[in-house]
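Here the structure is laid out as structure tokens; the discussion comes afterwards.
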Amino acid sequence: MAGGLGRAPALCRDCLWTGDAPGGRCPVCDSARLIAHAELFELSIAHLDCDAFYASVEKRDRPELADQPVIVGGGARGVVTTCCYIARQYGVRSAMPMFKARAACPHAVVIQPDFPRYIAVSRRIFAKLRALTPLVQGLSLDEAWLDLSGTERLHGGRPALVLARLQNEISADIGLPVSIGLAPNKFLAKIASGFGKPSGFFVVGAAEARSFLAPLPVGQLPGVGPAFAARLQGAGFSRVGELATREDDLRRLFGDQGAHLAALARGEDGRRVNPAEPRRSISAETTFERDLSRLEDLEPILFALADKVARRARSEELAGRVVTLKLRSADFRIRTRRRTLPVPCRTARTLFAEARALLRESPAGMLRLIGVGLTGLAPGPVNAEDFFSGAEARALAQERAQDALAARFGAGALVRARSLRQ
């Protein structure tokens, strides 16, 4: 892995010198930001991840915040959307309740998220990625896989060199730090990008994949959340290395999912970087300042969430066929309701109407959180006239006009009356 310097193919991330590393520093510029790895110039699958993306955008646009802890989120009972690395030193983490974040870091600067601004920055980053290769698969606004196979002649260098140059360009042109993982497949590249943050460049080769993964906790594997990790630990699996050699046991206990985990534990991942693979879902949720139960209090909040989800869908040219409603009651139990639409939608009008119907059908009670989402996403234009006659087409045209106003005059230039709390 990157970091053990010995005599190996190497790359300086500052002056972009390449050669065999004689030691721990670049022989040309004396930089310590040297990557040396036996497979450095053989690998071409990368994962790029923006570091604390929303918080980094806020710090870039407000330089006076550079040395301060910044939390993007809000509300006494809301959650942390993201936070900068300074705030993380105080124990603040994404998805942490805001009251806990404020207690852990009372002097933090708390900023409400500005998604239209983040989307605009994301588009600039993705434009740079797609200028290097058409094989770019976005996972979210701030991360993507790239396949740079066969691009050496086009870019005048191996993928590792091209990626180091890209990392420097994003820092210089857009003003944001990004981390890069380089590996033989998508799974390992995503794992690698998390090491050395912020502004990291980490390499995991095929030869070392299994030994590199072995000591990691099972929760590091994709698809293994806290509940599943607890089940694995209950079955005697706490480290990834313990999964690699017991595929039969895993298959017996967890079926195909267990076999898949064993393959990942060995560093095996046959998936290709697929630009056409759609996003799985778009969602938004909020935690209330106080528990709510009345529909007249909940519906304006639900509309604001539906509006946010619909705007994101339109900005990414996506539409969803399944509307989801998420409710967390005062006793912290979570309920989810779904409704499949005859035609995919991307308007707040339709999303709100369907989510409101699900809300009215749900059991009454005090709620502390509500969320709405779209799944079953598909790219490209949708024939809106097929859904709810011409009303949906008019709603789509109206909401696109509102998108244009927000892009020109700012997210707060237009506020819908329905989204205002009474």
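On a predicted model such as this, the values are computed, not experimentally measured, just so you know.
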Smallest separation among heavy atoms of I86 and K59, with atom names: CD1-NZ, 3.5 Å
Salt bridge D248-R252, side-chain N to carboxylate O under 4.0 Å: no
Donor-acceptor under 3.5 Å (N185 side chain, R271 main chain): no
Lys/Arg N to Asp/Glu carboxylate O, E247 vs R251, below 4.0 Å: yes
Whether R312 side chain and S283 backbone form a donor-acceptor pair below 3.5 Å: yes
Pairwise side-chain contact, V109 with P69, heavy-atom cut-off 4.5 Å (strictly under): no
Side chain S193, main chain I180, donor-acceptor under 3.5 Å: no
Lys/Arg-Asp/Glu bridge criterion (N-O < 4.0 Å) met for D49, K190: no
E361 and R356: CA distance, side-chain angles, deciding distance, salt bridge (charged side-chain N to carboxylate O under 4.0 Å, His left out) verdict: CA-CA 9 Å; E361 294 167 6; R356 179 175 58 181; over 6 Å; no
Short N-O contact, K308 and E285, less than 4.0 angstrom: no
By side-chain contact (heavy atoms from CB on, under 4.5 Å) - contacts of P159 (at least two apart): S44, L148, E152
R335 side-chain N/O to L327 backbone N/O, donor-acceptor pair under 3.5 Å: no
Charged N-O contact under 4.0 Å between E42 and R158: no
Salt bridge D147-R272, side-chain N to carboxylate O under 4.0 Å: no
Between SG on residue C12 and CG on residue L161, distance to nearest 0.5 Å: 11.0 Å
Face-on cation placement of R88 at Y85 ring, 6.0 Å and 45° thresholds: yes
Exam field: side chain H47 to backbone L146, donor-acceptor pair closer than 3.5 Å: no
salt_bridge(R117, D61) N-O dist < 4.0 Å: yes
Check: S56 side chain, A52 main-chain N or O, donor-acceptor pair, under 3.5 Å: yes
Proximity of H107 and Y90 rings by center, below 6.0 Å: yes
Q220 side chain to P217 backbone, donor-acceptor under 3.5 Å: no
D269 with K186: basic N within carboxylate O range, under 4.0 Å: no
Flag, side chain of S179 to backbone of S199, donor-acceptor distance under 3.5 Å: yes
Ring centres under 6.0 angstrom apart (F195, F212): yes
R346 backbone acceptor or donor facing T350 side chain under 3.5 Å: no
Any donor-acceptor pair under 3.5 Å from Q167 side chain to L163 backbone: no
Pair R210 + E268, salt bridge at N-O below 4.0 Å: no
Test side-chain hydrogen bond (donor to acceptor under 3.5 Å, both in side chains) applied to E208 and H37, step by step: CA-CA 11 Å; E208 69 190 326; H37 193 284; 2.5 Å; yes
